[in-house]
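All remarks here apply to the structure that follows.
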Amino acid sequence: MEPREEIINQLKELTNLKEINLETPKGNFGDYAFPCFALSKTSKKNPAQIAKDLESKIKVTNIIEKVQAVGPYLNFFLNRKVIAETILKKIAKEKNKFGSGKHTKAGHHVGYPTAEKILVEHTSINPNASPHIGRARNALLGDFIVRLLKFQGYEVQTHYFVNDIGKQIAMLVLAAEGRENITFNDLLTLYIKINEKIEKEPELEKDVFELLNKLERGDEKTKKRFADIVDICVKGQLEILSELNIKYDKFDFESDYLWTKKTERVLEELKKTGRLFLDDEQRYVLDQKEFNLPMESPVLVLTRADKTSLYPLRDLAYHIDKKKTKNILVLGEDQKLYFQQLKCALTLLNKPVPIPVFYSFVLLETGKMSTRKGNLVLLEDFMREALQRETEEIRTRHDRINEEDAKKIAYGAIKYSILKVSPERNVIFSWKALQFEGDTGPYLQYACARINSILRKYDEKIDEKIDFSLFKTNEENNLIKMLADFEGIIEESERTLKPTIIVNYIYSLAQSFSNFYIKCPILKAEEKLKKARLLLASSVKQVIETGLNILGIETLEKM
RNA sequence: GCGCCUGUAGCUCAAUUGGAUAGAGCAACGGAUUUCUAAUCCGUAGGCUGCAGGUUCAAUUCCUGCCAGGCGCGCCA
C-alpha cells in the first residue's frame, strides 16, 4: 500500500470524514500533516486536543513510524527505509512510465485497452502571417496538454482548425493580386500594407466582401487563389512549430464545412429551436437572451446580409463534427465570452461542449501586440535570438558546438520561460526572459546531464541488491520524499491542465538534487552506499526527464 | 457603463486551492573548485501580498468597495 493511502485510510476510519486533506508540510513537520481544524467545527473541541486524541489512536505500522501532534496539526513521520525501497524500486521498474497513475492502476505499462479518446484542438492561428510570441503560448500550452494526456495513457488526437476563408484571408488574397512567387516571408508585410490601405480607403472593403461572396458561391478560380495563399502560410507556420517539436495529427479546414454544406445543416437545426431569425439587415442571428450572458444584446451573428458565413457558424459546425466524448480547446482570453455563446448554442442543439483552456496575452513593453499593425515580436525571431545566444554561451564553455544540442537548450529555455507563468497572467515580453541560469530550462537539463555523466563513469548495471537503509542524510531523504510526490503532481496536472504544477515540481526536485550533488559524493562513496546513491540519482534523472518531456523539453547526454 | 482575468521583494515568478515562519530565480554584495560538469552550491540584504473594510480559530487565497493593467460586450476571428 502507498504510504499516503495508508495514512488516509487510518484517518478515515478514526474521523468518519469522507475526504482527508493531507498536506505535505515544509520544515521539520514530518512527511505528511493532517490539520484538525475541520474536525473541531463538528465536534466543538479544541483542534489541538483533537490532534492529541488522534495521536494516541493512530496505529504505528511498518510504514508509519511516528505520529506527533503539534498544536492543531497531526504530523506523520514515515519509515525512511520502506519509503525509499518502495519508490526507488517502482521507478526502476516503470522507468519513463513512472508517475502515470493510470498505467499502474491498469497493471501494465503500455496501451491499456480502454483508453479514452480525447481530441485536443490548439494553435489554430489565422493563416495570415508568421506567428508572434503570443500565439506561441497557445501552441506550447496545447502541446503540453497533449503530451500530458498521452503520458496518462489517453488516446489523443491533435487538431488544428485552419481559418482559410475569413475576411482577413480575403484581404491577403487581394493584396497578393497580380504578384508572382509569393513566399511565407512576404505575407506579414503584405498583410500590414493591405490593412493600412483599407483603413485609408474604406471603399476597398467592398472588393473584399465581393471576393468572399465569389468564394462561397464556389468559384473555382477564387477557391484556388485562397487555397494557394493559405497553403504558403500554413506550411510556413508549421515549419516553425515543427522546429519546436510541436506536431498535429489533423488539419481541419473551415472551408470544408461550406463545401460539404454542414454549415447549412447547422442553420436548419437551429431553425428548429425557434431561436434563429433574420435581423433588420437580413443576417441570420441566434437569440441567446435566455442564457443571461453579460452582453448588451445577446445574439450570435451567424451570417452576413448576403448570407455568406461568419466564423461562429463554421465553428459551430466544426464542433458538432468533432463527435468525441472529450474535447479540449486552447483559447486566448479574448475568446471567453464568445466561448460562452458557442457553449450555449451547442447546448441548445444537445451537442457536447468542449473543455476550454484559456491563456492571457503577451504584451510588449511598448503596449499591445498586433499582427495587423505590425508591432510584434515574431516567434521565429525569438527562436533565432535564443539559438544565437545559446551558441555563444556554449562557445565560452566548449571547443566544439553541436547544433542539435544548442537547439535543445535554446528552445528548452523558451518553452520553460513561457510555461512557467500561470496561463491566466499577462506576460510582458522581454528579451531578459532568455536566461540560461537559475529557474530556467537549461538548469533542469544541466541536472540531468550531470547525472548522465556519473552514470557513464560508473558503467555497470545498478540493479543489484541495494541496502535501502543507507540513506541517512537530509539531502537523500528529501529527494526520496519528493520522488514519492510525483504521481500526485501528475494527477493534479491532469485535473487542472496547468503546466506550472510540473514546472515548479521538477525545478525544486532539481534544486534538491544539486544540493545532494554537492554534499553527497556518489562515485567516491563506499561500495554499498555508492550503489544506493547511484540508484537514487538515476531515479531523480528519470523523473526530471519525464517532467521535461511532458513540457516538450528534451534532455541532453552532455552539456 | 457592464462582465471576466490579473496585481506578492528593485525585476521575473511561486505559495500544497483557506493552514504552521509568504518562498525561488535574476540583479547587488560576500564566499566555495587537491573531490562525480561552477549552466552549480552556500551566505547577506531585500515584504504593510495594490488600497480600505468585512467573514473566521486562521486570509496572498473568500466577500464588498475603491485604484491600476489586460480581455471582451452584432455583421473580425
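So you know, we letter chains A, B, ... as the sequences are listed, proteins then strands, and number each from 1. Note that these values count all heavy atoms, side chains included, but never hydrogens, waters or copies made by symmetry.
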Students often get this wrong, so: under 4.0 angstrom with heavy atoms, is A:Tyr507 touching a base, only sugar-phosphate, or nothing? sugar-phosphate
Pairwise C1' distance, B:A20 and B:A38 [rounded to whole Å]: 36 Å
A side-chain contact here means heavy atoms from C-beta on lying under 4.5 Å apart; do A:Phe161 and A:Phe253 qualify? no
Please determine if a side-chain N or O atom of A:Ser422 lies less than 4.0 Å away from the OP1 or OP2 oxygen of B:A14. yes
Does a side chain donor of either A:Asp252 or A:His159 reach within less than 3.5 Å of an acceptor in the other side chain? yes
Separation of B:G72 P from A:Leu342 CG (nearest whole Å): 17 Å
If the P atom of B:G47 is compared with that of B:G31, how far apart are they to the nearest Å? 24 Å
Looking at the side chain of A:Asp439, which of B:U16, B:G25, B:A14 is the nearest nucleotide? B:G25
Checking side-chain polar atoms at under 3.5 Å, does A:Asp321 have a donor or acceptor matched by the opposite partner on A:Tyr257? yes
Is there a donor-acceptor contact under 3.5 Å linking the side chains of A:Tyr318 and A:Asp256? no
Extract from the structure each pairing of a protein N or O with an N or O of nucleotides 61-71 of chain B at less than 3.5 Å, listing the distance.
| from | atom 1 | to | atom 2 | distance (Å) |
| --- | --- | --- | --- | --- |
| B:G70 | O2' | A:Glu333 | OE2 | 3.0 |
| B:G70 | O2' | A:Asn426 | OD1 | 3.3 |
| B:G70 | O2' | A:Asn426 | ND2 | 3.0 |
| B:C71 | OP2 | A:Lys368 | NZ | 3.0 |
| B:C71 | O4' | A:Glu333 | OE2 | 3.4 |
| B:C71 | O2' | A:Glu333 | O | 3.3 |
| B:C71 | O2' | A:Asp334 | N | 3.3 |

Ring pair (Phe, Tyr, Trp, His ring centres under 6.0 Å): pairs with one or both residues in residues 386-422 of chain A, sequence neighbours excluded: none
Interatomic distance where CG belongs to A:Asn504 and C1' belongs to B:A22 [whole Å]: 15 Å
Please name the residue in the list A:Leu534, A:Ile544, A:Leu483 that meets the side chain to side chain contact (heavy atoms under 4.5 Å, CB included) test with A:Ser539. A:Leu483
Output the rounded distance in Å from CG (A:Asp405) to P (B:A39). 15 Å
Which is true for A:Leu337 with a 4.0 Å heavy-atom rule: it touches a base, it touches only sugar-phosphate, or it touches nothing? sugar-phosphate
Among B:C76, B:U8, B:C75, the one nearest any side-chain atom of A:Arg283 is B:C75
For A:Tyr507, which residues count as a side-chain hydrogen bond (donor to acceptor under 3.5 Å, both in side chains) partner, sequence neighbours excluded? A:Gln511
Does B:U40 have OP1 or OP2 sitting under 4.0 Å from an N or O in the side chain of A:Arg450? no
Which part of the nucleic acid, if any, lies within contact of A:Tyr443, taking any heavy atom under 4.0 Å across all strands shown: a base, the sugar-phosphate backbone alone, or nothing? sugar-phosphate
Please report the distance, rounded to the nearest Å, between CG in A:Leu211 and P in B:C76. 15 Å
Taking atom P in both B:G53 and B:U21, compute the distance separating them and give it to the nearest angstrom. 23 Å
If I pick the P atom on B:U60 and the same atom on B:A45, what distance separates them, to the nearest angstrom? 23 Å
Please give, in whole Å, the distance from B:C76 C1' to A:Asp315 CG? 13 Å
Has the side chain of A:Asn375 got a donor or acceptor atom that lies under 3.5 Å from a matching backbone atom of A:Lys368? yes
May I ask you to check whether A:Arg425 and A:Ser360 show a side-chain donor-acceptor distance below 3.5 Å? no
Between B:A20 and A:Phe29, is there a base-stacking contact, meaning the centre of the base's six-membered ring lies under 5.5 Å from the residue's ring centre while the planes stay under 30° apart? yes
Earlier contact from the 5' end, RNA chain B, for A:Gly166 and A:Cys520: A:Cys520
Under 4.0 Å, heavy atoms only, any strand: does A:Glu281 hit a base, just the sugar-phosphate, or nothing? base
When you compare B:G3 with B:C41, how far apart are their P atoms, in angstrom units rounded to a whole number? 47 Å
Residues within residues 290-312 of chain A bordering RNA chain B, heavy-atom distance below 4.0 Å: A:Pro294, A:Met295, A:Glu296, A:Ser297, A:Val299, A:Val301, A:Arg304, A:Leu310, A:Tyr311, A:Pro312
Any side-chain N or O of A:Asn75 under 4.0 Å from OP1/OP2 of B:A20? no
Under a 3.5 Å threshold, yes or no: a donor from one side chain and an acceptor from the other, between A:Gln237 and A:Ser130? no
Distance-only donor-acceptor check, side chains A:Thr555 and A:Glu545, under 3.5 Å: yes
Counting heavy atoms from C-beta on, name the nucleotide in B:A39, B:A14, B:G25 closest to the side chain of A:Val421. B:A14
Return the nearest nucleotide to the side chain of A:Lys524; candidates are B:U35, B:G25, B:A38. B:U35
Applying side-chain hydrogen bond (donor to acceptor under 3.5 Å, both in side chains) to A:Asp164 and not counting sequence neighbours gives A:Ser255
Counting any heavy atom closer than 4.0 Å, what does A:Ser514 reach on the DNA or RNA strands: base, sugar-phosphate only, or nothing? sugar-phosphate
Considering only atom P, compute the distance from B:U44 to B:A39 and round it to an integer number of Å. 24 Å
Using whole Å, what does the distance between atom P of nucleotide B:C13 and atom CD of A:Glu437 come to? 19 Å
Exam field: side chain A:Asp279 to backbone A:Glu281, donor-acceptor pair closer than 3.5 Å: yes
Any chance the side chains of A:Glu199 and A:Asn195 put a donor and an acceptor closer than 3.5 Å? no
Cation-pi check, A:Arg450 onto A:Tyr517 ring (under 6.0 Å, within 45° of axis): yes
What nucleotide among B:A39, B:U37, B:C26 has an atom nearest to a side-chain atom of A:Lys457? B:U37
Which nucleotide, B:U37, B:G25, B:A39, lies nearest any side-chain atom of A:Ala449? B:U37
Does A:Arg456 or A:Lys498 map to a spot on RNA chain B nearer the 5' end, using the closest nucleotide for each? A:Lys498
Range-with-range stems for RNA chain B, at least three Watson-Crick or G-U pairs under 3.5 Å: B:1-7 with B:67-73, B:10-13 with B:23-26, B:28-32 with B:40-44, B:50-54 with B:62-66
In whole angstrom, give me the gap between the P atoms of B:U49 and B:A59. 12 Å
How close or far is atom C1' of B:A39 from atom NE2 of A:His398, stated in whole angstroms? 9 Å
Can a side chain N or O of A:Arg425 be found less than 4.0 Å away from OP1 or OP2 on B:C5? no
Give one of base, sugar-phosphate or nothing for A:Asn515, where a contact means two heavy atoms less than 4.0 Å apart. sugar-phosphate
Atom CZ of A:Phe516 to atom C1' of B:C36: distance rounded to whole Å? 10 Å
Which part of the nucleic acid, if any, lies within contact of A:Phe209, taking any heavy atom under 4.0 Å across all strands shown: a base, the sugar-phosphate backbone alone, or nothing? sugar-phosphate
Considering only atom P, compute the distance from B:G65 to B:C29 and round it to an integer number of Å. 47 Å
